[in-house]
A.B. asks: 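Pasting a structure here, questions to come.
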Amino acid sequence: MVVSRFAPSPTGYLHLGNARTAIFSYLFARHMGGKFILRIEDTDKERSTKEFEEMLLEDLKWLGLEWDELYRQSERFDIYREYAQRLLESGHAYPCFCTVEELEEERKRAEEKGVPYRYSGKCRALSKEEVEELIRSGRPYTIRFRVPDGRVVVFEDLIKGHIAISVDEFGDFVIVRSDGTPTYNFAVVVDDALMGVTHVIRGEDHIPNTPKQILIYEALGFKVPAFAHLPVILGEDRSKLSKRHGAVSVRNYREEGYLPEALFNYLCLLGWSPPEEGREIFSKEELIRIFRLEDVNSSPAVFSKEKLRWMNGVYIREVLSLDRLVDEFMPFLEEAGYKAERDYVKRVLERTRDSFETLREGVERLKPFFVEEVKYSEEALSVLENETSRAVLEAFLQKIQDTDLSAERVKAIAKEIQRELNVKAKDVWHALRASLTGELEGVGVDILCDVLPKERVIKRILRALEL
RNA sequence: GCCCCCAUCGUCUAGCCCGGUCCAGGACACCGCCCUUUCAAGGCGGAGAUCGCGGGUUCAAAUCCCGCUGGGGGUGCCA
């Protein structure tokens, strides 16, 4: 059975790049009818926090990713210790007593000479007696993996193809820190092997780590899994997408009023394109059905907020059911300080969902449906000041006395007024709009009249007339 | 510096494996027109890529080969 995983470290909010990695890994597992594992990589006690972990799980769930198993590396230290011991015993690893300062010195010297830095292997040659003596004396030590000389590690990446990296690129590397915790490269291998991961799908920044990991797999006698390295996501300036590019976490987008389905869908289109040309909107179920790792691009992609916005708009106006849309919209309304019955909101959105692209933007645009009293803009005030407008509003009040305010009826009335007062259509609508919304642009006035309770329409016009 | 990855409209991409149907197709953004009470949305149309550059191979190259350049990533007792 296919097993894939997503292995984030809880050191911040879920980043868009990681989110896409998670999505691809998830899609692959589901497509293959396999298992999807979530593993929290919290071996770095300095930077990992429980709060970030909770946020991570929340964001992942919000995106619609569900996992079959969940692990935390911080709860598996005994396991890593055991496997480190095995490597020590088999001679694949050895204790290293070099201090951080000494290593720093080595590194600096290498840099000065302009040669690539590699650990000198100073502690490699320590005799058994020397090691025992040093340990007894209480000297802190790390455990290093003994890298075989001259080996070229080769693997077939499912996305990048054939990759060969010489171990000359790196020296013996640390697998257990002096505080006894495992490093990333070591914990990852032990976990992936023990959890039965068959496909390691992750960002391409991990390519240089892969040979180190393959070496560990082999030393431990584990089966080496298949690797798939996804290209990174870039910002507008073509550097790796990061905080300085603005909103880069899933949470940012959630708070700005983007829908999980839209973000999911959009992220899929970065670096992957569906076999069916010409279509871009896909449900999660469809994506699971058609997603194939082989179709993933090997070149990095620039994230486009513009296109995400557009796609979010598509989801708002035509993909989501009205009820789902209302569910998503309500919290944004409340947060903006408006109170409204769900049923009323539903009637509003039914008529207006095609006019905004994010929920936040929707709240802003639909304010006239929810505010008690409108605020007039400069332009609106000047429209309301002129005689024609007053005449229009008075006529309108007169005509709506004994009628309902359906959009059709309002349009008919507007025409009547236009004819009777001999003014332009624009004058009629401008006056109505200014009095009812306080602005000169925005939602359709006919729809507003239709949905807004009649007494509130009258109240607003009366108030405008009193100016 | 060294190692690795990448290279089609501004952006995401199709096509590349199996050369001709591609004077390169779609989407976002942009421009124009239509619809219209405004702003959006929608409809229609337009502009936009000598397929990074230079050499080959071939009757024929975006597609195959070589070199170069550019961009990105890595180079930790971070992940």
Side-chain angles (χ1 to χ4, degrees), chain A residues 7-11 18 41-44 46-48 73 96 98-100 103-104 107 110-111 113-118 140-144 157 159-161 163-166 168-170 173-179 181-185 187-188 202-211 229 231-232 234 236 238-240 266 269-275 277-281 297-311 313 317-318 352-357 361 365 410-411 414 418 424-434 437 439-446:
Chain A
S9 55
T11 55
N18 286 140
E41 310 229 317
D42 51 359
T43 55
D44 183 356
E46 302 292 309
R47 303 195 303 148
S48 304
Q73 292 190 324
C96 170
C98 296
T99 63
V100 180
L103 296 172
E104 198 48 53
R107 192 169 297 132
E111 203 167 303
K113 279 200 282 184
V115 293
Y117 169 72
R118 269 196 293 151
Y141 64 97
T142 61
I143 297 175
R144 280 185 190 269
D157 191 276
I159 292 168
K160 303 282 185 179
I163 296 180
I165 297 176
S166 164
D168 292 344
E169 299 312 318
F170 44 87
F173 54 91
V174 174
I175 58 175
V176 177
R177 301 185 187 99
S178 52
D179 66 358
T181 59
T183 61
Y184 165 74
N185 279 126
V188 148
R202 76 234 296 198
E204 73 175 341
D205 42 339
H206 285 295
I207 290 178
N209 287 323
T210 308
H229 288 97
V232 292
L234 271 27
E236 304 282 343
R238 302 205 73 90
S239 68
K240 198 175 175 180
Y266 174 72
L269 261 27
L270 276 186
W272 172 81
S273 69
E277 222 188 307
R279 192 152 77 97
E280 296 191 297
I281 306 297
N297 249 191
S298 53
S299 57
V302 173
F303 174 77
S304 164
K305 192 166 178 175
E306 279 297 337
K307 186 146 185 177
L308 205 212
R309 271 186 72 83
W310 164 78
M311 187 168 283
R317 60 182 176 266
E318 49 193 78
T352 58
R353 63 190 293 184
D354 59 0
S355 63
F356 53 93
E357 290 183 314
E361 190 188 314
R365 183 176 169 89
V410 170
K411 277 195 234 180
Q418 186 190 334
K424 282 183 276 185
K426 199 177 175 179
D427 295 325
V428 178
W429 291 110
H430 250 55
L432 290 174
R433 177 177 301 285
T437 73
E439 299 286 342
L440 257 33
E441 57 183 44
V443 291
V445 174
D446 52 338

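Reminder, nothing fancy here: chain letters follow the sequence lines and each chain counts from 1. Side chains included, hydrogens not; waters and symmetry mates left out as well; all remaining heavy atoms used.
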A.B. asks: Among all residues two or more places apart in sequence or in another chain, which pass the side-chain hydrogen bond (donor to acceptor under 3.5 Å, both in side chains) test with Glu104(A)?
C.D. replies: Arg107(A)

A.B. asks: Mapping Lys240(A) and Ser273(A) to their closest nucleotides on RNA chain B, which lands nearer the 5' end?
C.D. replies: Ser273(A)

A.B. asks: Regarding Gly278(A), tell me which of base, sugar-phosphate or nothing describes its non-hydrogen contacts under 4.0 Å with the strands shown.
C.D. replies: sugar-phosphate

A.B. asks: For Trp310(A) and C28(B), say yes or no: do the ring centres fall under 5.5 Å of each other while the ring planes differ by less than 30°?
C.D. replies: no

A.B. asks: Quick check on A79(B): is either OP1 or OP2 less than 4.0 Å from any side-chain nitrogen or oxygen of Thr11(A)?
C.D. replies: no

A.B. asks: For Asp446(A), give me all partners under side-chain hydrogen bond (donor to acceptor under 3.5 Å, both in side chains), at least two apart in sequence or on another chain.
C.D. replies: none

A.B. asks: When the distance from OH of Tyr184(A) to C1' of G74(B) is rounded to whole Å, what number comes out?
C.D. replies: 13 Å

A.B. asks: Looking at residues at least two apart in the chain, or sitting in another chain, which of them share a ring pair (Phe, Tyr, Trp, His ring centres under 6.0 Å) with Tyr117(A)?
C.D. replies: none

A.B. asks: Rounded off to whole Å, could you give me the CG-to-P distance for the Leu103(A) and C77(B) pair?
C.D. replies: 7 Å

A.B. asks: Is there any protein nitrogen or oxygen under 3.5 Å from a nitrogen or oxygen in nucleotides 47-49 of chain B, and what are the pairs?
C.D. replies:
none

A.B. asks: Taking atom types as they are modelled, is there a donor-acceptor pair under 3.5 Å from the base of A27(B) to the side chain of Lys307(A)?
C.D. replies: yes

A.B. asks: Send over the distance from Asn297(A) CG to U11(B) C1', rounded to a whole Å.
C.D. replies: 14 Å

A.B. asks: Among residues at least two apart in sequence or on other chains, which ones pass ring pair (Phe, Tyr, Trp, His ring centres under 6.0 Å) with Tyr266(A)?
C.D. replies: Phe303(A)

A.B. asks: Over how many whole Å does the gap from Asp354(A) atom CG to A41(B) atom P extend?
C.D. replies: 10 Å

A.B. asks: Closest nucleotide of RNA chain B for Lys426(A) versus for Asp42(A): which of these residues is on the 5' side?
C.D. replies: Lys426(A)

A.B. asks: Taking all non-hydrogen atoms of both residues into account, name the closest pair between Asp205(A) and Lys240(A) and its distance.
C.D. replies: OD2-NZ, 3.5 Å

A.B. asks: Please give, in whole Å, the distance from U37(B) P to Leu432(A) CG?
C.D. replies: 13 Å

A.B. asks: Please name all residues satisfying salt bridge (charged side-chain N to carboxylate O under 4.0 Å, His left out) with Glu41(A), sequence neighbours left out, ordered by chain then number.
C.D. replies: Arg39(A)

